[in-house]
Amino acid sequence: MKPARTRFAPSPTGFLHVGGVRTALFAWLLAKQTGGQFILRIEDTDKAREVAGSIEHIQESLGWLGLTWDEGPTKQSDRLDIYKQWAQKLIEKGRAYADPYSPEELQAFREQARADKRPFLFRDHRPENPPEWDGKRPLRFKSEPRAYAWHDEVMGNLETGPEVVDDFILIKSDGYPTYNFAHIVDDNDMDITHVLRGQEFLASVPNYLNLYEALGITPPIFATMPHILGPDGKKKLSKRDGAKDILDYREEGYLPEAMINFLATLGWNDGSEQEVFSREELIEKFSLKRVQRNGAVFDERRLLWLQGAHVRGLDTAKLYGIVGTKASAANFWPPEAFNEPFDDSYRLKVLGLVQERLKFFTELPELTRFFFVDLPVNPELINSHKQLKKLSNGELKDLLEQAKSSLLESDFSIDDLTARLNNLLEKTEQKPAVLFSLIRIATTQAPASPGLADTLAVLGKDRSLVRIDQQIAAL
RNA sequence: GGCCCCGUCGUCUAGUGGUCCAGGAUAUCUGGUUCUCAUCCAGAAGAUCGCGGGUUCGAAUCCCGCCGGGGUCACCA
């Protein structure tokens, strides 16, 4: 496949949400797959909607996901002269004219069209002798409506009649170009080969096609992405539905690999039954032709599962680097994890034990706190245990004393601990559900923890015995 | 209202005329894995393929109609 030059062209109006990121991802995958370039372009032609800091925020978001750009960010506001030059060409060719109407007059036309239950077309009101364009009025494209049939890599073959082509605005009265005009000039200037964009632009394509012709530009390949849907399965996912800033997922401790896997398989699959993909596999296997035409509901439970799958698949040492160290700008450990005498080796062992039950990283403190702090005895853990609550305090104490005297002799290796725990089972004639539960509760004071022998081995002899004593004293 | 897009288990999806009274994953439920949670394994339940016609020996797959949903008709992108 020839090298593709794709672009992601957000407007700096706030944070990036999953929909925008997925479009960026697909464009990036296409560029990587073909050995082409991925370009970041900022569509800042609407001064009123611009939000300070969003350009940096967008770059931060793409950076987190590893969607690095080869060129840009280029701001459209820096290219005003270029749009004016192309506009001038259109004026000279008689394909652009000044819009003589006031906003109020325009609004009246629209309302009339609405009342007549017909679509509004500006060209129905095209002035016979438009004033010369002074840069203070909007400049409109003089369309030459005709029917179009074109191909969209995702949507397939599309066609429309001439009735949908209209005289849209090229340059606004503030001197800035519209998206409709600027993106065509820019894509041409930047040699963009594939334009990926959301479904909301589909209806405008005939207009663009008409403009491409007037400009003498060969259109790029179009690929229209279906919407990502909210929980109702109908409308586009919105902030109201909980569409979050993509960087929020970083704060919650999601892996960029999991997010990318999730987004890529929301509306795309390779035709096999594979669900978990690495970044490299996505680059290799992605294809626009296999992108769904229908919208897909954003289901965070699927993201959660994928996150777990990626976390489990990671080398523990690598995961350790990701959840952060004391020196990191941010880490996900409970603060006590950095108290004396806990070191990297201890924390690494703890992480190894909780890795398979770790989903997003903000869960790490509740999963691991008891490895770093002697939690107070929680009587509820025994009182609510369906076997332990039947035993008297004397019986419980006796079991713990027996455990203690055996563990006192142990070297706390996994093998020795396992052997001793099994011996205790025989000696006390108790079921694991009783004995192991009791020791587990005594040594962790947590509703859930990794396997008993593993946990004891990591806690070590001193901490384990202190906690057993603590439990005995509380009975 | 015009134009355009879409319609397979709750969700993400496989499927392009027969191997599909529809496969996988997830979510849910059940059982197993010496203790809890998780993982893992096994199993259950879950879709008259939006509806109705037609073409065909045979249709989720092709054709027509309808219904439902969405997008668009901005000096926003």
Side-chain angles (χ1 to χ4, degrees), chain A residues 9-11 13 43-46 48-49 99 103 106-107 110 113-122 137-140 152 154-156 158-161 163-164 166 168-174 176-180 182-183 197-207 224 226-227 229 231-236 262 265-276 292-302 304-306 308 312 354-359 367 381 385 387-388 418 421-422 425 431-441 444 446-453 455:
Chain A
S11 54
T13 53
E43 314 237 307
D44 59 340
T45 55
D46 186 351
R49 292 205 313 152
D99 178 345
L106 255 185
Q107 192 51 33
R110 275 201 196 91
R114 197 182 171 78
D116 297 345
K117 298 197 170 189
R118 55 180 170 80
F120 169 70
L121 281 174
F122 185 90
R137 298 170 189 275
L139 183 71
R140 279 192 188 262
D152 184 291
V154 173
M155 294 296 169
L158 303 170
E159 51 182 89
T160 52
E163 69 280 0
V164 299
D166 195 20
F168 57 93
I169 290 180
L170 302 167
I171 309 260
K172 297 180 274 184
S173 57
D174 64 3
Y176 282 82
T178 57
Y179 164 84
N180 298 144
H183 89 273
R197 68 191 10 146
Q199 222 184 32
E200 63 271 28
F201 294 100
L202 200 53
S204 304
V205 172
N207 279 138
T224 299
H227 283 146
L229 275 19
D232 68 351
K234 290 176 184 173
K235 289 190 179 157
K236 189 162 83 158
F262 171 65
T265 51
L266 231 200
W268 170 86
N269 73 83
D270 73 342
S272 75
E273 289 181 350
Q274 184 171 355
E275 305 279 347
V276 180
Q292 298 280 336
R293 290 197 177 113
N294 52 314
V297 174
F298 178 86
D299 186 357
E300 231 173 77
R301 286 176 302 182
R302 184 177 157 77
L304 200 61
W305 167 69
L306 243 12
R312 273 173 253 127
V354 300
Q355 181 168 4
E356 71 181 20
R357 61 210 82 203
L358 182 61
K359 292 276 196 310
L367 250 31
L381 291 174
H385 188 106
Q387 318 254 17
L388 293 179
T418 306
L421 289 170
N422 282 334
L425 237 31
K431 289 180 173 171
V434 172
L435 184 70
F436 289 5
S437 291
L438 180 60
I439 303 174
R440 198 194 67 74
I441 287 168
T444 65
S449 63
L452 185 52
T455 302

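Excluded from the calculations below are hydrogen atoms, water molecules and symmetry mates; all remaining heavy atoms, backbone and side chain alike, are included. Note that this is a predicted model, so its numbers are computed, not measured. So that the names make sense, note that chain A is the first sequence line, chain B the second, and so on, each numbered from 1.
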Separation between the [atom1] atoms of [N] and [M], rounded to whole Å:
{"N": "B:C9", "M": "B:A44", "atom1": "C1'", "result": "14 Å"}
{"N": "B:U11", "M": "B:G58", "atom1": "P", "result": "33 Å"}
{"N": "B:A77", "M": "B:G70", "atom1": "P", "result": "25 Å"}

Strand partner of [N], provided both Watson-Crick or wobble distances fall under 3.5 Å:
{"N": "B:U19", "answer": "none"}
{"N": "B:C35", "answer": "none"}
{"N": "B:G7", "answer": "B:C67"}
{"N": "B:G1", "answer": "B:C73"}
{"N": "B:G43", "answer": "B:C29"}
{"N": "B:A14", "answer": "none"}

Under the side-chain hydrogen bond (donor to acceptor under 3.5 Å, both in side chains) test, residues paired with A:H385 that sit two or more places apart: none
Partners passing side-chain hydrogen bond (donor to acceptor under 3.5 Å, both in side chains) against A:Q292 (at least two apart in sequence or in another chain): none
Contacts of type salt bridge (Lys or Arg N to Asp or Glu O under 4.0 Å), residue A:R49, not counting sequence neighbours: A:D46
Given atom [atom1] of [X] and atom [atom2] of [N], what is their separation to the nearest angstrom?
{"X": "A:L304", "N": "B:A25", "atom1": "CG", "atom2": "C1'", "value": "15 Å"}
{"X": "A:D99", "N": "B:A74", "atom1": "CG", "atom2": "C1'", "value": "12 Å"}
{"X": "A:H227", "N": "B:G70", "atom1": "NE2", "atom2": "P", "value": "12 Å"}
{"X": "A:E273", "N": "B:G23", "atom1": "CD", "atom2": "P", "value": "11 Å"}
{"X": "A:F168", "N": "B:U72", "atom1": "CZ", "atom2": "P", "value": "17 Å"}
{"X": "A:N180", "N": "B:A77", "atom1": "CG", "atom2": "C1'", "value": "8 Å"}
{"X": "A:D166", "N": "B:C73", "atom1": "CG", "atom2": "P", "value": "11 Å"}
{"X": "A:L358", "N": "B:C40", "atom1": "CG", "atom2": "P", "value": "14 Å"}

Which residues share a ring pair (Phe, Tyr, Trp, His ring centres under 6.0 Å) with A:F122, sequence neighbours left out: A:Y101
Ring pair (Phe, Tyr, Trp, His ring centres under 6.0 Å) against A:F168, all qualifying residues, sequence neighbours excluded: A:F141
Sugar-phosphate only, base, or nothing, as touched by A:R197 at under 4.0 Å among non-hydrogen atoms: nothing
Sugar-phosphate only, base, or nothing, as touched by A:S11 at under 4.0 Å among non-hydrogen atoms: sugar-phosphate
A:D232 side chain to A:K235 backbone, donor-acceptor under 3.5 Å: yes
Atom pair OH (A:Y176) and CD1 (A:I171), whose distance is rounded to the nearest 0.5 Å: 12.0 Å
Nucleotides 1-13 of chain B: protein proximity per nucleotide (B base, S sugar-phosphate only, - neither; heavy atom, under 4.0 Å): BBSSSSS--BSSS
Please tabulate the protein-to-nucleotide N/O contacts below 3.5 Å involving nucleotides 46-48 of chain B, giving atom names and distances.
none

Plane angle bin for A:F262 and A:F298 - parallel if under 30°, tilted between 30 and 60°, otherwise perpendicular: perpendicular
Cationic N near anionic O, under 4.0 Å, A:R118 to A:E163: no
side-chain contact (heavy atoms from CB on, under 4.5 Å) against [X], all qualifying residues, sequence neighbours excluded:
{"X": "A:Q107", "result": "A:R110, A:E111"}
{"X": "A:I169", "result": "A:P138, A:R140, A:K172, A:T178"}
{"X": "A:R440", "result": "A:T444, A:S449, A:L452"}
{"X": "A:L425", "result": "A:N422, A:P432, A:L435, A:F436"}

Output a table of nitrogen or oxygen pairs between the protein and nucleotides 33-35 of chain B separated by less than 3.5 Å.
| unit_1 | atom_1 | unit_2 | atom_2 | d |
| --- | --- | --- | --- | --- |
| B:U34 | N3 | A:N422 | OD1 | 2.8 |
| B:C35 | O4' | A:P432 | O | 3.1 |
| B:C35 | O2' | A:S437 | OG | 2.5 |
| B:C35 | N3 | A:L452 | N | 3.4 |
| B:C35 | N4 | A:L452 | N | 2.9 |

Distance check: side-chain N/O of [X] vs OP1/OP2 of [N], anything under 4.0 Å?
{"X": "A:T444", "N": "B:U36", "result": "no"}
{"X": "A:K172", "N": "B:C76", "result": "yes"}
{"X": "A:R110", "N": "B:C75", "result": "yes"}

Given B:A77, B:C75, B:G70, the nucleotide with the shortest approach to the side chain of A:E43: B:A77
Minimum-distance nucleotide (side-chain atoms of A:I169 versus B:A77, B:G70, B:C75): B:C75
